[in-house]
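Encoded as structure tokens, the structure appears first; notes follow it.
Letters go in sequence order (proteins before strands), and every chain restarts at 1. This one's a predicted model, so the numbers in the text were calculated from it and none came from an experiment.
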There are 2 protein chains.
Amino acid sequence: MNIKQAAQASGLPAKTIRYYEDIGLIAPLRSANGYRQFRDSDLHKLTFLGRARSLGFSIGECRDLLALYEDRDRASADVKRIARQHLDQIDAKIAELQQMRATLARLTDACAGDERPDCPILQDLACAGTDTR
Amino acid sequence: MNIKQAAQASGLPAKTIRYYEDIGLIAPLRSANGYRQFRDSDLHKLTFLGRARSLGFSIGECRDLLALYEDRDRASADVKRIARQHLDQIDAKIAELQQMRATLARLTDACAGDERPDCPILQDLACAGTDTR
DNA sequence: GATAGGGCTTCCATTTACTGGAAGGTCAAG
DNA sequence: CTTGACCTTCCAGTAAATGGAAGCCCTATC
């Protein structure tokens, strides 16, 4: 199976698949003409990677997860630890964004949004110390 | 005022301030020895930038906001439009993260996290089609 | 006058996870 | 035998800094 089929089957762009080989996440075979040949196991890994990335795992985390995936003697605790760490990071990011959102919503609500130059948004940005609440 | 004082006053690292000059966000004067000299207006801009970045505005958005900040004839509608666009992006990002969070929480809850190899997290990653709910 | 230190300068490399594009080899169809 | 689709590698660029090296500048001290 060539790279285009692998891309369609895994849902990843061919460019990304080449990149994943580059950084050592996968190692497809090569046929005589130099084309990559994807086995079922390669496809499984690509699907795995696409799914893990879509859940926000970093490439480093994906590498670790893939190693555990390959290791029939793994402990599920190792997987769970990585997942929980990532969950904590997601929670932190959500909290940060919600904080931003709250401030920004307050400012946009306060802004008239007309042709006049007065703008609480700019006022806040220029001087965060002067509380515009 | 030299860069170190400007950094302390604005809360931005000196490296970041040099970078902001590099990309044309600020233009501090130079003294005879080549050192950057920061005026009050430079400090105001740096504070503005730090605040805008902390609200998640991109450098491009910061550039636009800074131009509006400088423009005494601006319409607040222009500012509000940028802010609302950004607010929508934040909302989209939050929704995406919450979706990830929900899936990941479900999986980690289902994982025993012990020394055994069986792991619903890996199962899901390997085969998203096989719903593990 | 020499030197030590802290601060300043520029420039280059690295980070994340790709993505775009150029130059060129391979293969099947007509 | 040429066309077009597919494949290859390599180089560059993205966002927003950050780290580090090599080397001025300035002040204080010996």
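- Here the CD-CE distance, from A:Gln37 to A:Met1, works out to 9.5 Å after rounding to the nearest 0.5 Å.
- Here B:His44 contributes atom NE2 and B:Phe38 contributes atom CZ; the two are 14.5 Å apart, rounded to the nearest 0.5 Å.
- Classification of B:Asp118 and B:Arg116 as a salt-bridged pair fails, no side-chain N sitting under 4.0 Å from a carboxylate O.
- Under the 4.5 Å side-chain criterion, counting only non-hydrogen atoms from C-beta, A:Asp71 is not in contact with A:Asp78.
- Taking atom CD on B:Gln89 and atom P on D:dA15, their separation rounds to 13 Å, with Å as the unit.
- Rounded to an integer number of Å, the gap from B:Leu46 CG to D:dA16 C1' is 16 Å.
- A:Ile3 comes within 4.0 angstrom of sugar-phosphate atoms only, judged by non-hydrogen atoms across all strands, and of no base.
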Which protein N or O atoms sit under 3.5 Å from an N or O of nucleotides 10-13 of chain C?
{"from": "C:dT10", "atom 1": "OP1", "to": "B:Arg30", "atom 2": "NH1", "distance (Å)": "3.3"}
{"from": "C:dT10", "atom 1": "OP1", "to": "B:Arg30", "atom 2": "NH2", "distance (Å)": "3.2"}
{"from": "C:dT10", "atom 1": "OP2", "to": "B:Arg36", "atom 2": "NH1", "distance (Å)": "3.3"}
{"from": "C:dT10", "atom 1": "OP2", "to": "B:Arg36", "atom 2": "NH2", "distance (Å)": "2.6"}

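- Looking only at side-chain heavy atoms (C-beta outward), B:Arg36 and B:Ile17 stay at 4.5 Å or farther from each other.
- Here the straight-line distance linking atom OG1 of A:Thr16 with atom CG of A:Asp22 works out to 11.5 Å at 0.5 Å rounding.
- Within the 4.5 Å cutoff, the side chain of A:Val79 has no heavy atoms near those of the A:Tyr69 side chain.
- Rounding to whole angstrom units, CG of residue B:Leu29 and P of C:dT9 are separated by 13 Å.
- The distance from atom CE of A:Met1 to atom C1' of D:dC7 is 16 Å, rounded to the nearest whole Å.
- Separating the OH atom of A:Tyr19 from the P atom of D:dT14 is a distance of 17 Å, rounded to the nearest angstrom.
- One finds a salt bridge joining B:Lys93 and B:Glu96 here, because a Lys/Arg side-chain nitrogen approaches an Asp/Glu carboxylate oxygen to under 4.0 Å.
- Computed from coordinates, the A:Asp22 CG to C:dG20 P distance equals 17 Å when rounded to whole Å.
- For A:Thr16, no side-chain nitrogen or oxygen approaches OP1 or OP2 of C:dA17 to under 4.0 Å.
- Side chain of B:Ser76 to main chain of A:Asp114: a donor-acceptor pair is present (N/O by atom type, distance under 3.5 Å, no hydrogens or angles).
- B:Ile17 places its CD1 atom 13 Å from the C1' atom of D:dA17, with the value rounded to the nearest Å.
- A straight line from CG of B:Leu12 to C1' of D:dA17 spans 11 Å, rounded to a whole angstrom.
- Residues from residues 58-68 of chain A lying near DNA chain C, meaning a heavy-atom separation below 4.0 Å, are A:Ser58, A:Ile59 in numerical order.
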Within the sub-3.5 Å range, which N or O atoms of nucleotides 25-28 of chain C have a protein N or O partner, and how far apart are they?
{"from": "C:dG25", "atom 1": "N2", "to": "A:Tyr35", "atom 2": "OH", "distance (Å)": "3.0"}
{"from": "C:dT26", "atom 1": "O4'", "to": "A:Tyr35", "atom 2": "OH", "distance (Å)": "3.4"}
{"from": "C:dC27", "atom 1": "OP1", "to": "A:Asn33", "atom 2": "ND2", "distance (Å)": "3.2"}

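- Neither OP1 nor OP2 of C:dA17 sits under 4.0 Å from any side-chain N or O of A:Tyr20.
- Within 4.0 Å of A:Phe57, counting heavy atoms only, lies no atom of the nucleic acid at all.
- In this structure, of C:dT19, C:dC8, D:dC7, it is C:dC8 that holds the atom nearest to the side chain of B:Asn2.
- Considering CD1 of B:Ile90 and CG of B:Leu55, their distance stands at 7.5 Å, rounded to 0.5 Å.
- Once rounded to the nearest 0.5 Å, the distance linking CD1 of B:Ile121 with CG of B:Leu104 reads 7.0 Å.
- Using a cut-off of 4.0 Å between Lys/Arg side-chain N and Asp/Glu carboxylate O, B:Asp42 and B:Arg39 are scored as salt-bridged.
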